[in-house]
S.K.: 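I'd like to ask some things about the structure below.
All residue numbers refer to positions in the sequence shown, counting from 1.
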Amino acid sequence: MASIFQTVGAVTSLSSNASFDTKKFHLSSRKSLSERKASFLVVRSDAAKMNTGLNKIGGRADQLVTNAVATKPDTSAASTASKPGHELLLFEALREGLEEEMERDPHVCIMGEDVGHYGGSYKVSKGLAPKYGDLRVLDTPIAENAFTGMGIGAAMTGLRPVIEGMNMGFLLLAFNQISNNCGMLHYTSGGQFKIPVVIRGPGGVGRQLGAEHSQRLESYFQSIPGIQMVACSTPYNAKGLMKAAIRSDNPVILFEHVLLYNLKETIPDEEYVLNLEEAEMVRPGEHVTILTYSRMRYHVMQAAKTLVNKGFDPEVIDIRSLKPFDLHTIGNSIKKTHRVIIVEECMRTGGIGASLTAAINENFQDYLDAPIVCLSSQDVPTPYAGTLEEWTVVQPPQIVAAVEQLCR
């Protein structure tokens, strides 16, 4: 198989330090989704529902940042408001970014279960197999450890594989390849090999997908040295992060949320690439900094509308880069508001929020006027029952109550 890929390349030249009881903010209170065919409600990135079934700022640095701090570039992500663009769903934005990179660089290839003529379980690779052929869009057996290892090996030979996990939970079967090979080979080979591989796929709590298909694996992979992690939340940043991840010489895990694929937004017609280490300022504010990512961005923004009506002015930051954290953006916000709430869908114990809490305490403790509050999912397997499933995940009223308690 390695010779096949060589031929392709040639031919195609926390816990929070505050004791904060989230249970007091719990809420009382659809057909389950298929792995291979899903129907979602389309939601615009401003959270308005619809009835339907730049500046280039560079890619990643050549060298992987080894600590939790990422420096902010001089330029910020370009606003799309005044630029001509086209409207795409999030999964279509991912596909557009993937297709542009395959067109630009013949070393880019895709592999995974049903990524070929079926187009992927969420249609991210739809139409690419007929255009680029079965060797660059490779359907694999149901063997995550095998095709992940094969992709890492292909990256060592000079290709740029994009490995799709049909569901992020399935990639636990490839944890050895991701940890011991993907993250460490550049180091253990003395720099002889680069591993320019992207590992991507859907995860998070969906709509009654059950415990095994509702995994949030960010914290599992966060501890692996040598790997960067990003989480997309809008069509705009999904495309920009996909392109940046493919162009990077370091291994990148791109987390996509299963409930955001049909989110719609207008993105620029011109090419753009986002910075893999930069957070996004979603809403400037003065009273409290709310740090979040992925689907929880929309829960936070829903809560922000209520908070504004109650006289609060929250600052909302989508951290996007889960490893390393953009402590430049985060720190500047904390120096202004002096209060922090972290909202995540990851588990409370050992989650992204726990690592972020530690990083903030280490770097900005003198600027805090109150202990950090972390709102996370409950440390339980995600129930299948819809009402119970909702109870395990942070909801907007909990965020409102937390801000009220922290700012009083």
Side-chain angles (χ1 to χ4, degrees), residues 14-25 64-72 216 218-225 227-231 255 276-294 296-297 299-300 303 307 312-379 394 398-399 401-408:
L14 271 234
S15 300
S16 168
N17 60 329
S19 178
F20 190 83
D21 186 7
T22 60
K23 293 183 179 179
K24 68 173 69 175
F25 302 118
L64 186 67
V65 177
T66 56
N67 55 27
V69 182
T71 56
K72 186 182 178 75
R216 288 131 290 174
E218 303 95 300
S219 60
Y220 286 57
F221 296 117
Q222 185 188 34
S223 62
I224 301 174
I227 286 179
Q228 281 193 292
M229 305 193 312
V230 290
F255 291 94
L276 289 173
E277 300 173 6
E278 185 178 26
E280 177 186 351
M281 177 66 69
V282 181
R283 184 193 186 280
E286 299 290 337
H287 293 163
V288 59
T289 297
I290 304 180
L291 305 175
T292 189
Y293 65 94
S294 192
M296 287 295 108
R297 168 178 174 152
H299 283 212
V300 169
L307 289 167
F312 296 99
D313 187 19
E315 180 152 293
V316 180
I317 296 176
D318 183 342
I319 63 173
R320 286 198 315 208
S321 177
L322 306 185
K323 184 182 180 181
F325 296 131
D326 178 7
L327 292 185
H328 181 94
T329 298
I330 294 170
N332 284 341
S333 178
I334 292 171
K335 292 173 184 178
K336 176 174 60 174
T337 67
H338 307 292
R339 292 175 175 83
V340 181
I341 293 179
I342 301 168
V343 182
E344 62 175 345
E345 194 177 85
C346 200
M347 300 300 184
R348 180 171 182 80
T349 302
I352 296 296
S355 297
L356 190 52
T357 297
I360 293 171
N361 279 327
E362 288 174 0
N363 292 276
F364 308 111
Q365 188 175 39
D366 290 345
Y367 297 95
L368 294 173
D369 288 344
I372 299 170
V373 173
C374 187
L375 301 178
S376 312
S377 292
Q378 298 300 304
D379 286 335
V394 179
Q398 294 172 255
I399 303 170
V403 171
E404 290 177 330
Q405 178 174 320
L406 188 65
C407 294
R408 67 186 178 188

S.K.: Quick one: salt bridge (charged side-chain N to carboxylate O under 4.0 Å, His left out) pairs with a partner in residues 279-293, sequence neighbours left out?
M.R.: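 Every pair satisfying salt bridge (charged side-chain N to carboxylate O under 4.0 Å, His left out) with a residue in residues 279-293: E280-R297, E280-R320, R283-D313.
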S.K.: Working to the nearest 0.5 angstrom, can you tell me the gap between D318 CG and I290 CD1?
M.R.: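 If we round to the nearest 0.5 Å, D318:CG and I290:CD1 are 12.5 Å apart.
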S.K.: Once you round to the nearest 0.5 Å, how far does CE of M296 lie from SG of C346?
M.R.: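 Reported value, rounded in 0.5 Å steps: 11.5 Å.
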S.K.: Answer whether the closest heavy-atom distance between the side chains of L368 and I360 falls below 4.5 Å.
M.R.: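 Yes, close enough: below the 4.5 Å cut-off.
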S.K.: For G351 versus Q222, what's the shortest heavy-atom pair and its separation?
M.R.: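 Shortest heavy-atom contact: O-OE1, 4.3 Å.
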S.K.: Using atom types as modelled and distance alone, determine if a side-chain donor or acceptor of K323 lies under 3.5 Å from a backbone N or O of I224.
M.R.: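 Yes; judged by distance alone, with no hydrogens or angles, the pair exists.
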S.K.: Can you sort out the partners of E345 under salt bridge (Lys or Arg N to Asp or Glu O under 4.0 Å), two or more places apart, ordered by chain and number?
M.R.: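 If we apply the salt bridge (Lys or Arg N to Asp or Glu O under 4.0 Å) test to E345, skipping adjacent residues, the hits are R295.
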S.K.: Output the distance between atom CG (L291) and atom CD1 (I372), rounded to the nearest 0.5 Å.
M.R.: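 Those atoms lie 9.0 Å apart.
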S.K.: Using the test side chain to side chain donor-acceptor pair (under 3.5 Å), find all partners of E315 that sit at least two apart in sequence or belong to another chain.
M.R.: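 For E315, the residues satisfying side chain to side chain donor-acceptor pair (under 3.5 Å) (neighbours in sequence not counted) are S333, K336.
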S.K.: Is there a side-chain contact between L322 and F255 (heavy atoms, below 4.5 Å)?
M.R.: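 Yes. Closest side-chain heavy atoms under 4.5 Å.
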S.K.: Which heavy atom of L406 sits nearest a heavy atom of V288, and at what distance?
M.R.: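 Closest approach of L406 to V288, heavy atoms only: CD2-CG2, 3.9 Å.
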S.K.: Given the rule in the side-chain contact (heavy atoms from CB on, under 4.5 Å) test, do I330 and L356 qualify, once you have shown the distances and angles that lead to the verdict?
M.R.: CA-CA 10 Å; I330 294 170; L356 190 52; 3.9 Å; yes
S.K.: Kindly write out the residues that satisfy side chain to side chain donor-acceptor pair (under 3.5 Å) with T337, not counting sequence neighbours, or none if the list is empty.
M.R.: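 Applying side chain to side chain donor-acceptor pair (under 3.5 Å) to T337 gives T289.
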S.K.: Could you list the residues that satisfy salt bridge (Lys or Arg N to Asp or Glu O under 4.0 Å) with D369, not counting sequence neighbours?
M.R.: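 Listed in chain order: nothing, the list is empty.
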S.K.: For E404, which residues count as a side-chain contact (heavy atoms from CB on, under 4.5 Å) partner, sequence neighbours excluded?
M.R.: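 Counting only residues at least two positions away or on another chain, E404 forms a side-chain contact (heavy atoms from CB on, under 4.5 Å) with K310, F312, V400.
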S.K.: Specify the closest pair of heavy atoms between M229 and E218, including all atoms of both residues, with the distance to one decimal.
M.R.: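 For M229 and E218, the tightest heavy-atom pair comes out as CE-O, 3.4 Å.
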S.K.: Go through V394 and H299 one step at a time and tell me if the side-chain contact (heavy atoms from CB on, under 4.5 Å) criterion holds.
M.R.: CA-CA 8 Å; V394 179; H299 283 212; 5.5 Å; no
S.K.: Which atoms form the tightest heavy-atom contact between F325 and I319, and what is the distance?
M.R.: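 Looking at all heavy atoms of both residues, the closest pair is CE2-CD1, 4.2 Å.
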S.K.: How close do C374 and T357 get, counting heavy atoms only, and between which atoms?
M.R.: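 Residues C374 and T357, closest heavy atoms: CB-OG1, 4.5 Å.
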S.K.: With no hydrogens and no angle check, do the side chains of E277 and S321 hold a donor and an acceptor under 3.5 Å apart?
M.R.: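 Side-chain D/A pair, E277 to S321: absent.
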S.K.: Are any side-chain N or O atoms of H287 and backbone N or O atoms of P314, one a donor and one an acceptor, separated by less than 3.5 Å?
M.R.: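 Not confirmed, H287 side chain does not pair with P314 backbone.
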S.K.: State, with a plain yes or no, whether a side-chain heavy atom of M347 is found less than 4.5 Å away from one of S376.
M.R.: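 M347 vs S376: side chains apart.
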S.K.: Out of curiosity, I341 CD1 to Q398 CD, how far, rounded to the nearest 0.5 Å?
M.R.: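 Separation between the atoms: 11.5 Å.
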S.K.: Compare all side-chain heavy atoms of V230 with those of Y293 and state whether any distance is below 4.5 angstrom.
M.R.: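 The answer is no, as the side chains (C-beta and beyond) never meet within the 4.5 Å cut-off.
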S.K.: To check you understand the geometry: which heavy-atom pair defines the closest contact between D326 and A279, and what is its length?
M.R.: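 Shortest heavy-atom separation between D326 and A279 comes out as OD2-N, 2.8 Å.
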S.K.: Please round to the nearest 0.5 Å and tell me the distance separating atom OG1 of T349 and atom CG of D379.
M.R.: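 Rounded to the nearest 0.5 Å, the OG1-CG separation comes to 3.5 Å.
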